[in-house]
Participant: 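Dropping a structure here in structure tokens format, bear with me for questions.
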Amino acid sequence: MSMNRRVLTAALGAALALLAGCSAGPQPAPSPSSFPAARPLGVQDPAVIPSSSAGPAQNCNPRASLRPPSSMPAPGQPPAGSTMARIQQSGLLRVGVDQNTFLFGYRNPTTGQIEGFDIDVAREVARAIFGDPNKVQLVAISSAQRIPYIQQKKVDIVARTMTITCDRLQQVGFSSVYYQAGQRVLVSRSSPVKSMDDLGGKKVCAAAGSTSIANVANYRSKPIPVSVQDWTDCMVLLQQGQVDAISTDDAILAGMADQDPNLQLVGPSFSPQPYGIAMAKDSPDLVRFVNGVLDRMRRDGTLQAINARWLKGNAPPVPAAEYQD
Ligand code: GLU
């Protein structure tokens with residue numbers, strides 16, 4: 001894609017995302033007016049920034065999930081009475097996804113379809129339940145909506161650049177790690193900033209409800225966290241010069257840099273962010289089943305192919321699964 005076309009696509013994507021908010025998903029999401037507006041710049045809202053990412057629940061191995069069943073049911077034949085059978089009877093796998101993150105979960109402005117790495121992974125879960133990867137209902141949600149949507153059973157799974165943490169494991173179940181991201185910094189190419197250490201007293205944007213905003217708020221150089229609803233909102237604030245940087249997962253920042261060649265990633269990865277598929281804590285059968293699907297995808301090359309499709313040569317290696325029981 002030529003540079004002009006890429007900039008245009010980025011601008012279109014950002015404009016569409018802003019216009020549409022979350023209301024353009026296949027299933028109506030709450031109207032944008034039901035979300036708090038972006039915080040006044042430079043003012044952090046303690047309600048959306050966890051006081052510390054090192055809370056009481058840090059004493060766990062977030063990478064260790066539940067072992068898959070010894071034999072996986074054939075596609076389209078989930079065991080009677082299981083969570084997978086209930087989903088099959090409902091007709092569609094309801095998946096909480098992002099529509100703002102280029103490469104992982106974004107609404108393609110040309111086709112209107114939500115697509116990306118996370119969407120492809122979710123479709124493999126649908127294939128295993130229904131024998132059909134298209135039996136998905138993609139529900140566009142923000143970072144902050146992920147846990148409530150699972151707890152309120154508004155979605156069956158969340159596949160949305162979601163880091164497995166010990167705190168979150170107290171509230172939801174997670175699959176094994178399917179992608180290993182790390183938190184970094186994105187700035188304008190004209191910026192002198194080289195890393196988080198140069199951002200003391202400067203405005204750094206991240207989405208409310210993300211591990212990223214907590215890490216910004218707690219960073220030793222004391223940046224000023226600016227929280228917004230969606231990653232595209234951060235991108236627009238950076239493009240407008242209203243914030244000095246964005247800090248989140250390299251996976252998300254790479255998509256922004258791809259969309260806007262005036263932006264660049266800088267500095268080291270300073271916080272590991274292992275991605276898992278989130279599910280209700282009271283459905284361990286679904287967690288085990290999804291882990292079986294991911295294991296199959298590791299073995300037969302599907303996960304590697306999804307990596308290659310979206311991240312081209314830049315994909316980190318597919319992480320091995322770890323199980324605790
Ligand atoms: N991986 C981080 C998280 O789960 C940031 C990504 C996001 O919020 O979409 O909070």
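Bear in mind the structure is a predicted one, so any value in this text is a computation, not a measurement. Whatever order the structure lists ligands and atoms in, that order sets their numbers, starting from 1. When reading the values below, keep in mind they use all heavy atoms of this one structure, side chains included, and skip hydrogens, waters and symmetry mates.
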Participant: Side chains of Tyr275 and Asp118: is there a donor and an acceptor less than 3.5 Å apart?
Facilitator: no
Participant: Sequence neighbours excluded, which residues qualify as side-chain hydrogen bond (donor to acceptor under 3.5 Å, both in side chains) partners of Arg288?
Facilitator: none
Participant: For Arg220, check side chain to side chain contact (heavy atoms under 4.5 Å, CB included) against everything at least two apart and list the hits.
Facilitator: Asp197
Participant: Is a side-chain donor or acceptor of Ser271 paired with a backbone partner of Gln183 at a separation under 3.5 angstrom?
Facilitator: no
Participant: Taking non-hydrogen atoms within less than 4.0 Å of ligand 1, which protein residues qualify?
Facilitator: Ser143, Arg146, Arg160, Thr161, Met162, Thr163, Arg168, Ser210, Thr211, Ser212, Trp231, Thr248, Asp249, Ile252, Gln273, Tyr275
Participant: Going by the angle between their ring planes, with limits at 30° and 60°, are Phe104 and Phe117 parallel, tilted or perpendicular?
Facilitator: parallel
Participant: Just to verify, what does Tyr106 make a ring-ring contact (aromatic ring centres under 6.0 Å, His included) with, not counting sequence neighbours?
Facilitator: Phe102
